[in-house]
Visitor: 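Mind looking over this structure? Questions follow.
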2 protein chains.
Amino acid sequence: MVAARAGVSRATVSRVVNGSPKVTPDVAHAVQEAIEAMGYVPNRAARSLASRRTQSVALVVPESAARVFADPFFASVVQGVALSLGETDYTLTMLIESELQPGKTRRYLLGGNVDGALVVSHHTGDHSYASLTDSLPVVFGGRPIEGNAPENHFVDVDNVHAAEIAVEHLIERGRRRIATIAGPQDMPPGVDRLAGWRRALERHGLDDSLIEVGDFTPASGASAMRRLLERGEGVDGVFVANDQMAIGAYSSIRAAGLSIPGDVAVVGFDDDNYAASATPPLTTVHQPSIEMGATMARVLVDLIEGRPVESVTFLPTNLVVRASA
Amino acid sequence: MVAARAGVSRATVSRVVNGSPKVTPDVAHAVQEAIEAMGYVPNRAARSLASRRTQSVALVVPESAARVFADPFFASVVQGVALSLGETDYTLTMLIESELQPGKTRRYLLGGNVDGALVVSHHTGDHSYASLTDSLPVVFGGRPIEGNAPENHFVDVDNVHAAEIAVEHLIERGRRRIATIAGPQDMPPGVDRLAGWRRALERHGLDDSLIEVGDFTPASGASAMRRLLERGEGVDGVFVANDQMAIGAYSSIRAAGLSIPGDVAVVGFDDDNYAASATPPLTTVHQPSIEMGATMARVLVDLIEGRPVESVTFLPTNLVVRASA
DNA sequence: TTGAAAGCGCTAACAT
DNA sequence: ATGTTAGCGCTTTCAA
């Protein structure tokens, strides 16, 4: 290690680089200068081999989740993760869970290649990662599909509650035949938003039979809306489980010669960047997606470094009222 | 290295793990079994320290990065990169260029932490990475903003040509007052698509003064369209530099009481997943975004491993005619 | 507070 | 074809 030409030993340089407290300021300074001057950059591999820490965390993305990237909500979460990690010394390794090579991801994670993992996805499958929790710090985006073990960490929003608020809004606007386009029922947000819709309706004694399920894509929203309309039972409002499907629903509503919100009011979920510029601008539940990602990263780093963290973090949502309802 | 309990030396195990040809099948087999049995996973850090290869590549995302993830086109490119890399032994490290810590990315890349880098972004700034080219294999997504040095590798589509085709379509449909909502003029796709629009118009002797510039976001598309309409010079067709802005333009066209494509026909660019479910479905230029990402990854790996590669790869586009024009 | 020395787990000549 | 022997560049006891 050439930087030892600052007149000290490699050990001392190492101490300076790692910000050890027990180095005389003078010496530290001299070393810093030598480092600058020589453009020294520590070798990650060597460092991690010696210290048994990798300074990197994995972002696990289930592949069926090709979807993940197409979904603006996820994209924001990833962005938040990346930005937040950028301020630390951790590096982000993206792992796409390949169906062709099952176990590859798992082996990678357990092989000591990362100090922790972030798992984002709406999907059921995630749960398989829960078992990693006791060998590696893991933080999930969104609650697990079923009961949560106390040692699982995740950050989420209260989907049930947020959905209720959204539906209440529709009711306040005088709507009585309120349908929903739900998300996949094997994903927590899909289940929870549907539950919230139902709860609000029940509270007001309204019919809760107008349900169609989509898969969070615009196309599925369009066809779900079409089915809803074809029932011929009348619909004057619809709560859609995400904005992408809401935009799809717009098409079908218009194709049926109906107006928004005149004939049918629509409320979405996510507040992605299409929501505001849709025609009409979409009333929707805002989720702090970037912050969710940032929080996941922060929690994971705290976990890795042994700082105290709460195992579940809920972030607030709010209804953004625009012109569609 | 305990797996040597297969009765051979660590060197042999190493050979087996790395698929060296000079190992007796029998021995290789025995070692494989020992590996399975013991659940052995090679340590990346040690391996990379010894071999001076990291088996990982960086995905560099310049910009306040926000944009990149919000843009479905980029999201697909990233997805393609990740999927393609998933089939190799390379790992993907995401680097967000932070404005707060300039040089951090650069140092990381030059610090021998990765075997190569992928740079995606529309932005001018990229060019600063061109200088990395001679210290590290680098593949760019999209051509550099200015003249390209022969040693720079990139994969792209022919934006000028694709835009021409799109505008020709508008002309064939009988449109004569054809405007464009261009992308930022410091980004190659922004410049090239505008050039293609102009070229087609000139060829037909049509007016090429109806230009407004946006920044690829839906909101900017909406306001650009509004400005175009407010000119009061008449517009019966518009070529928009990306789908997100096209969707934004839809709003303004409708807000002005005009119909699509009756009063103004619109053609977009990207064929992102909102295009097909817009109302009306958007006619747009399809870019093989996932494949672009996959190609970038493939080219980079070839470069790293010293296989022959062509320095620029153009992928084909095609016009997808739907209902908006 | 600093230096010396011993590895971290693996690969890569060099022998055999 | 396989084993031996050195390191890769850093961190980390342990002494001084």
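Computed from a predicted structure; not experimentally measured. Every chain is numbered from 1, with letters handed out A, B, ... down the list of sequences.
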Visitor: What is the separation between atom CG on B:Asn18 and atom C1' on C:dA13, rounded to the nearest whole Å?
Guide: 15 Å

Visitor: Restricting to non-hydrogen atoms, name the atom on B:Ala297 and the atom on B:Leu85 that form the minimum distance, rounded to 0.1 Å.
Guide: CB-CD1, 3.9 Å

Visitor: Does D:dT11 have its OP1 or OP2 closer than 4.0 Å to a side-chain nitrogen or oxygen of A:Ser51?
Guide: no

Visitor: Roughly how far, to the nearest 0.5 Å, is CG of A:Leu118 from CG of A:Leu95?
Guide: 11.5 Å

Visitor: Have a look at B:Val60 and tell me which of B:Leu109, B:Val120, B:Ile96, B:Thr93 forms a side-chain contact (heavy atoms from CB on, under 4.5 Å) with it.
Guide: B:Leu109

Visitor: Name the pairs: protein N/O against N/O of nucleotides 1-4 of chain D, kept only if under 3.5 Å.
Guide:
from: D:dA1; atom 1: O3'; to: B:Thr24; atom 2: OG1; distance (Å): 2.5
from: D:dT2; atom 1: OP1; to: B:Thr24; atom 2: OG1; distance (Å): 2.9
from: D:dT2; atom 1: OP2; to: B:Thr24; atom 2: N; distance (Å): 2.6
from: D:dT2; atom 1: OP2; to: B:Thr24; atom 2: OG1; distance (Å): 3.1
from: D:dG3; atom 1: OP2; to: B:Ser9; atom 2: N; distance (Å): 2.9
from: D:dG3; atom 1: OP2; to: B:Ser9; atom 2: OG; distance (Å): 3.2
from: D:dG3; atom 1: OP2; to: B:Thr12; atom 2: OG1; distance (Å): 2.7
from: D:dG3; atom 1: N7; to: B:Arg15; atom 2: NH1; distance (Å): 3.3
from: D:dG3; atom 1: O6; to: B:Arg15; atom 2: NH2; distance (Å): 2.7

Visitor: Measure CG/B:Asn113 against C1'/D:dG9 and give the value in whole Å, please.
Guide: 12 Å

Visitor: In whole Å, what is the span from the CG atom of A:Leu49 to the P atom of D:dG9?
Guide: 12 Å

Visitor: Please find the pair of heavy atoms, one from A:Tyr90 and one from A:Glu305, that lie closest to each other, and give the distance.
Guide: OH-OE2, 3.0 Å

Visitor: Would you say the side chains of B:Asp89 and B:Gln55 form a donor-acceptor pair under 3.5 Å?
Guide: no

Visitor: Any base atoms under 4.0 Å from A:Arg44, or only sugar-phosphate, or nothing? Heavy atoms, all strands.
Guide: nothing

Visitor: Under 4.0 Å between a side-chain N or O of A:Arg47 and OP1 or OP2 of D:dT11?
Guide: yes

Visitor: Check the phosphate of D:dC8 against A:Asn43, side-chain N and O only, distance under 4.0 Å to OP1 or OP2. Yes or no?
Guide: no

Visitor: In Å, rounded to the nearest 0.5 Å, how long is the span from CZ of B:Phe73 to CG of B:Asn273?
Guide: 13.0 Å

Visitor: Report yes if a side-chain nitrogen or oxygen of B:Arg53 is closer than 4.0 Å to either non-bridging phosphate oxygen (OP1 or OP2) of C:dA12; otherwise report no.
Guide: yes

